[in-house]
There are 2 protein chains.
Amino acid sequence: MELSERKRKILQAIVDDYVSTAEPVGSRSIAKKHDLGLSSATIRNEMADLEELGYLEQPHTSAGRVPSQLGYRLYVDQLMNRYKLTVAEIQNIQYAMELKIKELNELIQHVSSVISRLTQYTTIVSTPQLKKSSIKYLQLVPIDSKSALLVIITNAGIVKNRTIKISEGVNVEFLSKLTAILNDKLAGLTIEQINLQKIQEIKKEMISNEEMLMPILEHISDTITDIDSGEIYLGGATNIFNFPEYNDIEKAKEFFSFVEEKKNLYKLLNNFQNHYLKSNNTINISIGKENEFSEIQDCSLVTSTYSLGGKIVGMIGIIGPTRMEYAKTVSSLEYLTKQFNQMLLKWLSEGNSD
Amino acid sequence: MELSERKRKILQAIVDDYVSTAEPVGSRSIAKKHDLGLSSATIRNEMADLEELGYLEQPHTSAGRVPSQLGYRLYVDQLMNRYKLTVAEIQNIQYAMELKIKELNELIQHVSSVISRLTQYTTIVSTPQLKKSSIKYLQLVPIDSKSALLVIITNAGIVKNRTIKISEGVNVEFLSKLTAILNDKLAGLTIEQINLQKIQEIKKEMISNEEMLMPILEHISDTITDIDSGEIYLGGATNIFNFPEYNDIEKAKEFFSFVEEKKNLYKLLNNFQNHYLKSNNTINISIGKENEFSEIQDCSLVTSTYSLGGKIVGMIGIIGPTRMEYAKTVSSLEYLTKQFNQMLLKWLSEGNSD
DNA sequence: TTTTAGCACTCATTAGATTAGAGTGCTAAC
DNA sequence: GTTAGCACTCTAATCTAATGAGTGCTAAAA
């Protein structure tokens, strides 16, 4: 059943009020503040209906109403007005984003902290995932008798590297020969296509020195497989204290325990990344219990993605209470994501890369 | 004035009790629990003296006594019994420390999380600072027309690298020539000895191509200067919720806001690092207002250092309420630091390095 | 038929009052 | 010098009453 226009107006008013006050909203205050031309009694009747339909909830009989999860969902999907960032806000964002940065992870961390400062919510940002990136070039750089540096350059321009152990006695010549063969065999492949088996094909080309080759190949395979370490940066977690719903120590503890564990955040973002691959929204909103983690089921999560070379490689997420300023958050995140994508591209094109 | 043995016993008893209960300690409970052979009235008199001397405080007239900062200091310096880790605890530590780790930062992060789990306090660990390390070897690896990878290997075996921009048109030959000269000039110097001026001496050796050399040298100088990025990992911040003194939202917020800012932690640890350079304690304890940050002046900080090549390169700190199990914390940290130093050495000697 | 005024009712929150209890300080006896 | 005893203090817990925001229902008005 479609809601009447009047019910929709009233629901919208309730959500708007509740978001800004955090107090259950009563019929009288709606009648007063919003010019609906209705008496409180009428609104009261409509509210009773909306509650019956599942869009509102009552903390206790003599309190006002609070939007239910369903209510927020309807609000987000159909009712909320698009928020247009003010010039001042845009300037603020642009100003905050400016910063000389040397390393990619620093850039990501900075973006995370900027977003949480601007939105006053908690932010999580993942570093670029390279599984889908292809290898442009790789090189083994000798370090000492026991180790070498494996440098991997992806098509998007990101450079990753890690030291690997080599058998003693492997010489420079051997490494450069191996480098050439590795490039021949692996360049163009995506990270996720590379596994030990693939790498072992190289054995054939380097028939000699098998006993020192194998352990190196294993190390290279391992390294490539997990070089895509997928870190996550958290910003502004303490912002949660600004919301009265987290004035309860137990709730605050639950929240912090959840976000302290990077594994949780990783899973959380990953769930949504899949979502973007299917739909082609730029922004996704997950309200309350719509996400699987019980610890943050009083929270909503607004996410977006960023890309390199046309492929989604990372995510940005904003976590706040379900009573969140959805419209403003969405607009801010949209703009911030666009800015970030540009920054990233510019940064990589300037010759930075890891 | 020296405290009488009896006063010392009583103070010790009070600190011990308060640490375990978090409740002000009364004369009667001391008389009962601790076998001092004294009546509560006598203890009461002694406690009044101890308060007058500044070792105890009274939250209000009809409450028991609580150790003052001075009281904790005396306790820590003179009264507390050395705690000997049990076999089970040692096994627990050894078991927790075991983990296959690929990157140095992961190792540090892991140690931080282990320590906070074992002690139930909050832990901060700094990554190795390389200012005092000397350069064993460096190399420029060409990446593409606009960038190269500068690889720096320190005497302790730690490898750092970062991409730097190069002028277009710089060829491989140029880079390898530059690499040779850089090594000739810089190998053996410590990171902090290197500055732009030092690097510019290289100009003389490479008279040609000055216009493309200068920007590269600047980049190299910048990179070396700030490669010692000094990250800090935080573990178990939510443990603070387990202490009744942090059941107050305002206090919890203050604490989290402080530890969320890496800059604060960096400063905090740095202050103490200087301390270790002067004295040669292995463990340092800072109680309450003894540290400069007002946000954590109800906390105590137990720190230790770790070294590479005989030089202190990093710090481990444990933050808890001033009402902390000092003896046990000190013993645990001592043991954990020793273990960590060993792990680090073993890890580097196995050919890992960044 | 829809809207609204009016009123009785509910229930969380707050303030005030009372009580219980832990602990002290002091005095006088040991 | 030590201790028993007691009056006194102050917090924390419990209870009570008052307040008031908000509802649901009914009957009148539109």
Side-chain angles (χ1 to χ4, degrees), chain A residues 3-11 13-18 20-68 71 244-245 247-249, chain B residues 3-11 13-18 20-68 71 244-245 247-249:
Chain A
L3 284 187
S4 71
E5 188 54 28
R6 193 166 78 178
K7 283 200 173 57
R8 294 161 67 92
K9 279 253 166 60
I10 290 173
L11 179 56
I14 292 171
V15 175
D16 283 336
D17 277 19
Y18 184 64
S20 66
T21 65
E23 297 290 336
V25 182
S27 54
R28 214 175 99 87
S29 77
I30 294 289
K32 256 193 187 169
K33 270 194 261 177
H34 301 261
D35 220 4
L36 302 174
L38 295 170
S39 74
S40 68
T42 309
I43 293 172
R44 211 144 52 230
N45 289 330
E46 294 287 49
M47 282 166 81
D49 288 355
L50 284 167
E51 181 173 359
E52 209 173 335
L53 291 166
Y55 296 109
L56 295 177
E57 281 168 356
Q58 221 173 357
H60 55 84
T61 24
S62 73
R65 256 70 169 214
V66 161
S68 68
E245 35 275 76
N247 276 1
D248 174 41
I249 281 283
Chain B
L3 285 186
S4 71
E5 189 55 28
R6 193 166 78 180
K7 283 201 173 58
R8 294 161 66 93
K9 279 253 166 60
I10 290 173
L11 180 56
I14 291 171
V15 175
D16 282 336
D17 278 19
Y18 184 63
S20 65
T21 65
E23 296 290 337
V25 183
S27 55
R28 214 175 100 86
S29 77
I30 293 290
K32 256 193 188 168
K33 271 195 261 178
H34 302 261
D35 220 4
L36 301 174
L38 295 170
S39 73
S40 68
T42 308
I43 292 171
R44 210 142 54 230
N45 289 330
E46 294 287 48
M47 281 166 80
D49 289 354
L50 284 168
E51 181 173 359
E52 208 174 337
L53 292 166
Y55 297 108
L56 295 178
E57 282 167 357
Q58 221 173 355
H60 54 85
T61 24
S62 73
R65 255 78 168 206
V66 161
S68 69
E245 34 275 78
N247 275 1
D248 174 41
I249 281 283

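The figures that follow rest on heavy atoms only: side chains count, while hydrogens, waters and symmetry mates do not. Convention: sequence-line order gives letters A, B, ...; per-chain numbering from 1.
Under the salt bridge (Lys or Arg N to Asp or Glu O under 4.0 Å) criterion, B/Glu23 pairs with no residue, sequence neighbours left out. Listed by chain and residue number, B/Ala41, B/Thr42 satisfy the side chain to side chain contact (heavy atoms under 4.5 Å, CB included) test with B/Ser39 (two or more places apart in sequence, or in another chain). Residues passing the salt bridge (Lys or Arg N to Asp or Glu O under 4.0 Å) test with B/Glu57, sequence neighbours excluded: none. For B/Ser40, the side chain to side chain donor-acceptor pair (under 3.5 Å) test picks out B/Arg44, with sequence neighbours left out. For B/Asp248, the salt bridge (Lys or Arg N to Asp or Glu O under 4.0 Å) criterion is met by no residue, not counting sequence neighbours. Taking A/Ala22 as the reference, A/Pro244, A/Glu245, A/Arg323 meet the side chain to side chain contact (heavy atoms under 4.5 Å, CB included) condition, with sequence neighbours excluded.
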Protein-proximity profile, nucleotides 20-30 of chain C, B/S/- by nucleotide at the 4.0 Å heavy-atom cutoff, equals --BSBBB----
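For A/Ser39 and C/dT3, the shortest distance from a side-chain N or O to OP1 or OP2 is not below 4.0 Å.
In terms of position along DNA chain D, the nucleotide closest to B/Ile43 lies nearer the 5' end than the nucleotide closest to the other residue of the pair B/Pro59 and B/Ile43.
Evaluation of the salt bridge (Lys or Arg N to Asp or Glu O under 4.0 Å) test over residues 25-43 of chain A, restricted to residues two or more places apart or in two chains, returns A/Asp17-A/Lys33.
Between the axis at the start and the axis at the end of the helix from C/dT1-D/dA30 to C/dC30-D/dG1 there is an angle of 20°, using five pairs per end and rounding to 10 degrees.
Although no hydrogens or angles enter the test, the distance criterion places a donor-acceptor pair under 3.5 Å between the side chain of B/Ser68 and the main chain of B/Gly54.
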